[in-house]
Enquirer: 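Sharing a structure, written as structure tokens. Questions coming.
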Amino acid sequence: MLRRLFFPFETTIVTQQETWRALAGRLRAEVLEPIKQRLIGKDEIVEVLGVALTAGENAFLLGPPGTGKSALVQELGQRLDGRTFDYLLTRFTEPSELFGPFDLRRLRDGDLVTNTEGMLPEADFVFLDELLNANSAILNSLLLALNERVFRRGRQTLALPMLLTVGASNRLPEDDALAALFDRFLLRVVCDNVEDQRLSEVLAAGWTREQQELPPASLHVDDIRQLRQAVTAVDLTTVLPAYQELVLRLRQAGMAISDRRAVRLQRVIAASAVICGRVAAELSDLWIVRYVWDTPPQQEVLIAHVEAVTQQFQEKLPADGPAHPLANLSQPPSAEQLQQQLQEIEADIQSTESRAVGLDKLGLLTARIEWVREAEARTHLRSQVTRLRELL
């Protein structure tokens, strides 16, 4: 009798999960994969943007002009049936340029109401180029919009439909005010020129883009909102011990993983599971934590810790479903980035507080150095490590 009573509820859950899996499959087949084909060498960025979109988190692209940052966001927005707002920020950008001017008709009656038609408060997808040019006049409104999805001016308060905001810059923040803005972008990716050996592919794909128009958007923003519901329904129980260990390791390595960031990172881990068509997170979904760096050299530390935790828990948490395409991405470490990290350790070596942290970082870097492909660079880095150990 009880089985019959609960059976309709169970059927509803199964049907909903099948709907989520179908939407996740369409997101990959109709949005992510076609963008990869049209923008060569941007697979990693496309996948991170896909997770950010599904999780409802903001993403930041770091790279010089002309590397396809705006093209990526435009392609994403055009393949989804929603409203897009993009703007190039300067030091002189005023609030009305982003949020809209005051409604003059209402202003005559003494009401300060913003006319938001066609502006950021009505957009589903937002791209802010040269993000770190933001000035104090727009900073507070931007911070609130990015963090709380709310726009407030005077007595007017609006809930924003914003699904994804992507910020881009060719530099990192240099003062505390901009650091607070940068912190609102949980996921960060380097967007650089494609490797020289793939230039012919870039040219061919670029010419094809000039000749072919995009098909009409087939995935609606309401479909993305359904995927958001799937994210909050993901079971994180199995992966939580490994994730907790990863956060503790990163904090011990000197990375600023605040409680707020640690909590929000759970959303992107769950989003990775959703994109893979799963209702439970797995160890492989920790790959996305590689993209929470504050400076590009930290990527090596993040990769090392994610790999170490994955190996530690691999036997305890066997995989039970498809892994994300970037979960098993093995990239050799950059000798230049390792060298920069060694220089940072040397610069901090006089600080008593940083000695223990320096030893931990050095241990991690020592392991990564053995994966450097160039033998000469590997030998040089080993000698640097030996010298630093003597100093420590």
Side-chain angles (χ1 to χ4, degrees), residues 41-52 57-64 67 69 72 166-173 179 182-183 185-195 243 246-258 261-262 264-265 268-269 272 284-311 324-345 347-348 357-358 360-374 377-378 381 384-385:
K42 306 299 182 186
D43 293 15
E44 179 183 29
I45 303 172
V46 171
E47 292 292 348
V48 173
L49 290 181
V51 170
E57 290 294 342
N58 306 315
F60 177 83
L61 306 182
L62 176 67
T67 51
K69 299 188 292 295
L72 280 162
V166 179
S169 180
N170 59 5
R171 62 186 177 90
L172 292 172
F182 182 58
D183 186 60
F185 292 80
L186 184 65
L187 301 177
R188 293 90 184 257
V189 197
V190 173
C191 184
D192 214 335
N193 288 309
V194 177
E195 300 91 341
Y243 175 59
L246 178 57
V247 171
L248 292 175
R249 283 178 176 237
L250 293 175
R251 286 177 172 177
Q252 291 167 3
M255 293 199 63
I257 307 294
S258 66
R261 290 182 77 187
R264 298 190 74 158
L265 272 170
V268 295
I269 292 170
S272 171
S284 62
D285 294 312
L286 295 180
W287 70 273
I288 193 64
V289 182
R290 301 194 307 237
Y291 299 93
V292 297
W293 46 265
D294 293 320
T295 60
Q298 290 179 345
Q299 292 177 94
E300 296 293 344
V301 176
L302 286 163
I303 291 171
H305 279 295
V306 170
E307 289 177 350
V309 170
T310 300
Q311 292 174 6
H324 191 277
L326 292 189
N328 299 315
L329 184 64
S330 180
Q331 293 181 332
S334 163
E336 292 77 10
Q337 290 183 348
L338 290 174
Q339 177 66 33
Q340 186 174 346
Q341 291 178 61
L342 289 173
Q343 290 172 349
E344 290 175 0
I345 292 174
D348 294 338
V357 173
D360 290 339
K361 288 182 178 179
L362 208 54
L364 274 171
L365 291 181
T366 301
R368 296 292 291 169
I369 285 170
E370 299 308 312
W371 301 346
V372 172
R373 286 177 177 169
E374 301 83 6
R378 204 163 52 241
L381 290 169
Q384 291 286 91
V385 168

Enquirer: Can you name the closest pair of heavy atoms from Ala179 and Pro173 and give their distance?
Expert: N-CB, 3.8 Å

Enquirer: List the residues meeting ring-ring contact (aromatic ring centres under 6.0 Å, His included) with Tyr243, not counting sequence neighbours, and say none if there are none.
Expert: none

Enquirer: Indicate yes or no for a side-chain donor-acceptor contact from Lys42 to the backbone of Cys191 under 3.5 Å, with no hydrogens or angles considered.
Expert: no

Enquirer: Would you say the side chain of Glu47 lies within less than 4.5 Å of the side chain of Pro325, judging by non-hydrogen atoms?
Expert: yes

Enquirer: So, does Trp293 use its side chain to make a donor-acceptor pair with the main chain of Arg188 at under 3.5 Å?
Expert: yes

Enquirer: Are the side chains of Leu49 and Val46 in contact, using a 4.5 Å heavy-atom criterion?
Expert: no

Enquirer: Are Ile45 and Lys69 packed together at the side-chain level, in the sense that at least one heavy-atom pair is separated by less than 4.5 angstrom?
Expert: no

Enquirer: Distance from Asp183 atom CG to Asn58 atom CG, nearest 0.5 Å?
Expert: 10.5 Å

Enquirer: Do Glu57 and Phe185 have side-chain heavy atoms sitting under 4.5 Å apart?
Expert: no

Enquirer: Nearest 0.5 Å, please: how far is CH2 in Trp287 from CD1 in Ile303?
Expert: 12.0 Å

Enquirer: Salt bridge or not between Asp294 and Arg261? Use side-chain N to carboxylate O under 4.0 Å.
Expert: yes

Enquirer: When you compare the side chain of Leu62 with that of Asn170, does any pair of heavy atoms fall below 4.5 Å?
Expert: no

Enquirer: When rounded to the nearest 0.5 angstrom, what distance separates CD1 in Ile288 from CG in Leu326?
Expert: 7.5 Å

Enquirer: Would the distance check show the side chain of Thr67 and the main-chain N or O of Gly63 forming a donor-acceptor pair, the cut-off being under 3.5 Å?
Expert: no

Enquirer: Going by heavy atoms in the side chains, are Leu250 and Val289 under 4.5 Å from each other?
Expert: yes

Enquirer: Which atom names give the shortest non-hydrogen contact between Ala327 and Arg290, and what distance separates them?
Expert: O-NH1, 4.2 Å

Enquirer: Check Val189, Val190, Leu187 against Leu61 for a side-chain contact (heavy atoms from CB on, under 4.5 Å) and give me the one that passes.
Expert: Val189

Enquirer: Of all heavy-atom pairs between Ala253 and Val301, which one has the smallest distance, and what is that distance?
Expert: CB-CG1, 4.2 Å

Enquirer: Quick check against the 3.5 Å criterion: does Arg251 have a side-chain atom that pairs as donor or acceptor with the backbone of Ala256?
Expert: no

Enquirer: Between the main-chain N or O of Pro296 and the side-chain N or O of Gln299, is there a donor-acceptor pair closer than 3.5 Å?
Expert: yes

Enquirer: Check Leu342 against Gln384 and note the closest heavy-atom contact, atom names and distance.
Expert: CD1-CB, 3.8 Å

Enquirer: Quick one, Phe60 and Val166 - any side-chain contact, counting heavy atoms below 4.5 Å?
Expert: no

